[in-house]
Amino acid sequence: MIRHIILWKLKDGIDKEYRLNRIKSALESLNGKIDGMIKAEVRIEKLKSSNADAMLDSLFETEEALRSYAKNPLHNEIADSEIRPYYVQRMCIDIEEK
């Protein structure tokens, strides 16, 4: 299995609470809709010591399933409308779980 973790730092000057809730709702709506995706969970509750605003923790059956997700139109529609216009920094780590 492949764990795909993304951290986002959102832009200043936007309604972050609204945007974070939209990101969470949109990405978690993909559960059960994309072949090879086991789960997607977005965490937006954080301590003040955090320097990221949101975390996507998702799990995929294989690396190929992760690559397919990256090209999936449902995923890209959400990324293009709900996420990409609103962040200043994105970090990613993909981990093989045994």
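Below, all heavy atoms of this structure are taken into account, side chains as well, without hydrogens, waters or symmetry copies. As the structure is a prediction and not an experimental result, all values here were calculated from the model.
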Task: Under 3.5 Å donor-acceptor, N76 side chain and A70 backbone - done: yes
- [ ] Indicate yes or no for a side-chain donor-acceptor contact from K39 to the backbone of L59 under 3.5 Å, with no hydrogens or angles considered.
- [x] no
TODO: Examine distances only and state if a side-chain atom of N31 and a backbone atom of A40 form a donor-acceptor pair shorter than 3.5 Å.
DONE: yes
- [ ] Tell me, yes or no, whether the heavy-atom count around D80 atom CG, taken from other residues, nucleotides or ligands under 6.0 Å, exceeds 12.
- [x] yes
- [ ] For residues S29 and I78, determine if any side-chain heavy atom of one lies less than 4.5 Å from a side-chain heavy atom of the other.
- [x] yes
Open item on the list: Hydrophobic clustering (ILVMFWY, side-chain heavy atoms < 4.5 Å, transitive) - are W8 and Y86 grouped together?
Closed with: yes
TODO: Taking the side chain as every heavy atom from C-beta outward, state whether E82 and E77 have any atom pair closer than 4.5 Å.
DONE: no
TODO: May I ask you to test the L10-I23 pair for a side-chain heavy-atom distance under 4.5 Å?
DONE: yes
Open item on the list: Is it the case that the side chain of S25 and the backbone of N21 share a donor-acceptor pair, with hydrogens and angles ignored and the cut-off at 3.5 Å?
Closed with: no
Open item on the list: For a salt bridge (charged side-chain N to carboxylate O under 4.0 Å, His left out) check, start with the C-alpha distance between E96 and K98, then their side-chain angles and the critical distance, and finish with the verdict.
Closed with: CA-CA 7 Å; E96 184 174 8; K98 299 178 181 189; 5.1 Å; no
- [ ] Search all heavy atoms of P85 against all heavy atoms of K11 and return the closest pair with its distance.
- [x] O-NZ, 2.9 Å
Task: Side chain E63, main chain I2, donor-acceptor under 3.5 Å - done: no
- [ ] Give a yes or no answer on whether the side chain of K9 reaches the backbone of M91 with a donor-acceptor pair at less than 3.5 Å.
- [x] no
